[in-house]
Structure formats: structure tokens, C-alpha cells
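Following: one structure in C-alpha cells, then a few remarks.
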Amino acid sequence: MTPSPFRAAWSDIREGMGMFDLWWTVSYNQIRHRYRRSIIGPFWLTLNMLVLAVTLGLLYGALFKQDLRTHMPFVVVGFLCWSFLSLSVADACNTFIASANVIKNTNIPLSVFMFQDVGRNVLVFAHNATVLVVLYAVWPENLSWGILEFVPAFALILLNTAWIGLLLGMACARYRDIPQAVTSILQMVVFLTPVFWPPEALGERRFVLDFNPFYHALTILRDPLLGRTPPVQSWAVMLALAVGGWLVTLVLFARYRRRIAFAL
Amino acid sequence: MTARMTLENVTLSLPVFSFDSYSLKKKLVRLGTGGRLQREAGHLVVQALRNVSLDLKEGDRVGLVGHNGAGKTTLLRVMAGVYEPSAGRVIAEGRLVSLINAGIGISPEATGYENIVLCGLYLGLSRNEIEAKVPEIAAFSELGDYLAMPTHTYSAGMLTRLTFAAVTAVDPDVLLMDEVIGAGDASFQEKALTRFNALIGRAKVLVLASHSEEWIRRACTSAVLMSEGQIVDVGSTDKILADYRRMLEGS
């Protein structure tokens, strides 16, 4: 008996997750090898982020006439979290394309490549997150027990980036215009999302942010790191996205999973 | 675990997406090599396999022969579960290892040791299984201290040694191979041959696609002749190889 496509898709994901040894090793190697011959290694990621965040924090702080003491941590943490979100979405386009050679020659579960990307981006985030140490040393008032809320928030975001990895990965393997479109959308979204500017700056038109999922994702990640409690509404949106996204992804993954190899 | 590889009336239509549909004017094109090309719902489709049936059980060692584009690699991919047939079905039992592309998972930035582990993980071994095999693989490769260096520093021959040593350490029930893996310089070839024979000896079912008559004769007990995605004939290696030679001369 051939199992139902839905069951097969589900066991692909389960088995893929189970191949932790493989995807974690690959994630880890990808980061390490990228910086193999550099002296400060993956901390280039951190430095790069710090330089950009501080520059933009100063610039936008001046533009929006913000108090640097509150605005700088807001931008640094915002940029830290935004980098993770945008990198996850951008990489999702290449989930399967980048591993075409492996996919066409072995029968390992396809979800492995998604977990590999998620793992790598978590590692990048972990390196970037060392800026928090500097931040809390300079502005200790941002650190509170509220930071614990970051843990479930990050888990919820990972749940979302996972389905995005499968769904976008499939779509991009078939339609090669999508990666280009995603890049261009992300470039736009960074300005539409309050990464560098405070939401209050929108005044009466602040409600438009409610329709921006990146705003909610950013909020539940950023607020706990700044010692604030994220609004329940943002939690609800991300939770709904996770459930809805996974449902759609499971249906499409079940239907098109076997066709991914054809599109590569 | 029992090993089995059964194909029942397997047909495979491969969509070709990277093809400019406007440049193909004719409705149906037939080329000298490769499967039939045809249009289906706007995009180009290759009839890569047509009505292929095979029933391989424990002890079967089959050679796949046919000219380029006859469907040998595609058939291996269907057996490996990479391609799902458009019609018909595949029943596979046992631990399957596909060496369709032996260099899989080899990363030039990783060291020899890291690549041995990666290679094993990609071939479906657990970390413990592959870690246990590392000393033996390392010794066999004779690469010594080079194993601690990134593989982009290797010569082509050294890389072949590494790949060969790593992929031949697996214990498959069903082994699918596309051409015999190269085995480096003359001094290495003899021990490589022994190791290769041991590998195919461990496999309960072997399917080897090759253009080398010598290897088909040496490794297989029977053979399958393919042409344009179809099985033309099945029989003893001698008979099939003679058929194949006649087919090449005839065309």
C-alpha cells in the first residue's frame, strides 16, 4: 500500500527533524566555513550588525528627534531581530534550489533542507545576539525578567520560519521569479516596519502596522529584549499565522513534495 | 531485513521547466538520443521512462546498459525514490543506498575528516555509525595528516581516494550505482578493487548502470538493455552486452 500523500508529507517532516545530526552538522559547517580564514570569524556578523545598527540608530534618532538613550537600544535590538526575520525569509527561497544536487541523487527527507536553513539562521542570530551583552552593559535598564518572554516568542517565530522555508522553498523551486520578488519585497518591508523608527511616529496612522505581519513578528521578539511586554495582539497574530501557515503548507507539501525534484 | 526492488509498469514524464517554450515549434520532436519530447499543458515533457517492469530479489546483481540518454540514471532515481513515477509503482524494501553521484555532501571547505562524517550522514548513517567507521575509512584512504586539511587543498586523485573510501564503507541492502566510482592511482587501484568487491558483495541487491563492459561482466550476473526510456531486453550479461554492441553498430 502506498501511504496517503498527507501521511507521507508528515513523515517527511518528522524524519527530517529526526536527522538532526545531519542538518545541524551542515548548518554549523556552513557558518564555520564562511569565516574559516578570518581572524574574528563569525563575529564579523556581530560587528557588521553593530556598525549598521549604531549608524542607523544615530541617523534615525536625529531624524525623528528621539532620545538616544531609549532610541539606540530600540534600533540595535530591532535590527538584530529584523536581520533574523529577513534572512530567514530570504533563505527560504533557496531551501531546495541550493540543495538540488543532493535532492536529485538521494532519498533523504526533503524537510531536512528546511531544518538546515533554520539551524543556520539560529546560529547566525546567536552570534549577532552577543551585541546584547554590550547593550545591557551600557543601558542596564533594558534588562529585566521580562526577557524570559523572548524564549516562547523565538520558538513561535521559528515555527513560522519553518513553514515559510517549506512553502517558499517549493514555490521558488518551481517559479524562479519568486526569489527576485521576495528580495525586492523585503527591501521595501524594512522601511515599512518600525525597525529604525518608533511606531509612535506614525501618529494617527499607526493602525496600518496592524496589517504588517513583520511588525508583529518584530514586536514579540524585540519587546522582551527591551524589558517590555509585547501586546497580546501581536502574539495572537503570530500564533494564527503559525497555525494557518502550517495548514496551508502541509496541504501543498503533501501535494507537490514529489514534484520538487522535477523542478530542480 | 529482506531486500527487494520491484517496478511495476513504471512510466515517468519529466517536465522540463528551463526550456523556452517558444523556441520549440514542432509539436513532437524525436531526437537520436534521450526520451521522447512532447508538449503537455504548455510546457515540455520528456517521456523519460515507459512501462518499465523489473523484479529484483536478494542476490540479484543487475547491470543497466544503453546509450547516453537511454534512461539509466533516471531509472536509478526512480528506484531511489527521488522521482515518483507518473504511472505504475515502485516497491522497495531494505536499506537503500544510492551512489548516483558519489561526491554528494563533499564540501571543499570542510576537512577530510569532516567530509567523511558528512558523507556518511548523507548516506543515511547515524553519527555513531559513521564515527565508528572513521578510523577504518581514514586508514584506507592513506591520506594521513591531509585528512585534517580542507579538501580544496587536495589533488583530484586525493579527493577520489577520500570519496571512494567514504562511500564504500556503507552497508546497503539495495545498492544503486551510476558508473563505478573512480579509484585513483595504480597503487591504490588494486586495494580499491578488493574493497569495491566487498561492498557489492555485502549488498543484497545491486543495480549498476555503466558503460564499462568489463565492470558489468565483473559485478553483475544479469543485465538490462535500455533504449529511449524502455527496457529492450533482459538476460545474461553476455547476451545483453552482445545485443548492445549490435545496437550500437546498427545505428
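What you see is a predicted model; the values in this text were computed from it and never measured. Protein chains get the first letters and strands the later ones, always in sequence-line order, with residue 1 at the start of each.
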A:R258 (side chain) donor-acceptor with B:G81 (main chain) under 3.5 angstrom: yes
Relative to chain A, which segment of [X] carries a heavy atom at a distance below 4.5 Å: side chain, backbone, both, or neither?
| X | value |
| --- | --- |
| B:R127 | both |
| B:S107 | side chain |
| B:T111 | both |

Could you check which of [options] has the highest count of heavy-atom pairs closer than 4.5 Å to chain B?
| options | answer |
| --- | --- |
| A:N101, A:I103, A:I260 | A:N101 |
| A:Q30, A:R32, A:R176 | A:R32 |
| A:I108, A:V112, A:T106 | A:T106 |

Neighbour count above 12 (heavy atom, 6.0 Å) for A:W10 CH2: no
Check this for me: A:F154, atom CZ, are more than 12 non-hydrogen atoms of other residues, nucleotides or ligands nearer than 6.0 Å? yes
Which distance, rounded to the nearest 0.5 Å, do you find between the [atom1] of [X] and the [atom2] of [Y]?
| X | Y | atom1 | atom2 | answer |
| --- | --- | --- | --- | --- |
| B:H152 | A:H33 | NE2 | NE2 | 9.5 Å |
| A:N107 | B:L176 | CG | CG | 8.5 Å |
| A:W24 | B:L121 | CH2 | CG | 14.5 Å |

Would you say A:R259 and B:P15 make side-chain contact, with heavy atoms under 4.5 Å? yes
Do B:V82 and A:N105 touch side chain to side chain, with heavy atoms closer than 4.5 Å? no
